[in-house]
Amino acid sequence: MVHVLKQIGLEMNNRLTPADLEATRSSPHEQKWRNRAKWARQNLVLEGFLKSDSPRGLWEITESGRRELDRLRSAAVVG
């Protein structure tokens with residue numbers, strides 16, 4: 001089991017800019033990209049695409065999220 005933020009960091013490592021790696025003002029120990037990813041997760045929870053009660057570090061997609069993902073994949077193939 002890999003925690004999502006750790007995996008994002010590994011996969012995005014060569015794309016993160018020096019600004020992404022800077023600390024946030026509110027949490028000097030947290031890099032900006034991690035903070036932004038957490039906010040993105042929160043927005044996906046509010047939209048109903050991710051479960052709100054997943055264990056810390058794990059992001060679980062809802063049925064609504066699966067349908068939206070399928071819709072987006074289909075649109076990408078057509079478009």
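If you read the sequence from its start, that first residue is 1, and numbering goes on from there.
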Atom pairs and distances, donor-acceptor, side-chain atoms in residues 18-26, under 3.5 Å, two or more places apart:
{"residue": "D20", "atom": "OD1", "partner": "R36", "partner atom": "NH1", "Å": "3.3"}
{"residue": "D20", "atom": "OD2", "partner": "T17", "partner atom": "N", "Å": "2.8"}
{"residue": "D20", "atom": "OD2", "partner": "T17", "partner atom": "OG1", "Å": "3.1"}
{"residue": "E22", "atom": "OE1", "partner": "K32", "partner atom": "NZ", "Å": "3.1"}
{"residue": "T24", "atom": "OG1", "partner": "S27", "partner atom": "N", "Å": "3.0"}
{"residue": "T24", "atom": "OG1", "partner": "S27", "partner atom": "O", "Å": "2.9"}

Extract all donor-acceptor atom pairs below 3.5 Å that involve side chains of residues 40-48 and protein atoms in other chains or at least two apart in sequence.
{"residue": "R41", "atom": "NH2", "partner": "K51", "partner atom": "O", "Å": "3.3"}
{"residue": "N43", "atom": "ND2", "partner": "W39", "partner atom": "O", "Å": "3.4"}

Study note, to complete from the structure: Looking only at heavy atoms, the pair that brings S54 and W59 closest together is OG-C, 4.4 Å
**Study point:** Spacing of CZ belonging to R67 relative to CD belonging to E63, to within rounding of 0.5 Å
**Key:** 6.5 Å
Review point. When rounded to the nearest 0.5 angstrom, what is the spacing between OG1 in T62 and CZ in F49?
Key: 7.5 Å
Review point. CG/L50 to CG/L58 distance, rounded to the nearest 0.5 angstrom?
Key: 11.5 Å
Point to revise | From NE2 (H3) to CZ (R56), nearest 0.5 Å | key: 9.5 Å
Check your understanding: How many angstroms lie between CD1 in I8 and CG in L16, if you round to the nearest 0.5 Å?
Key -> 10.0 Å
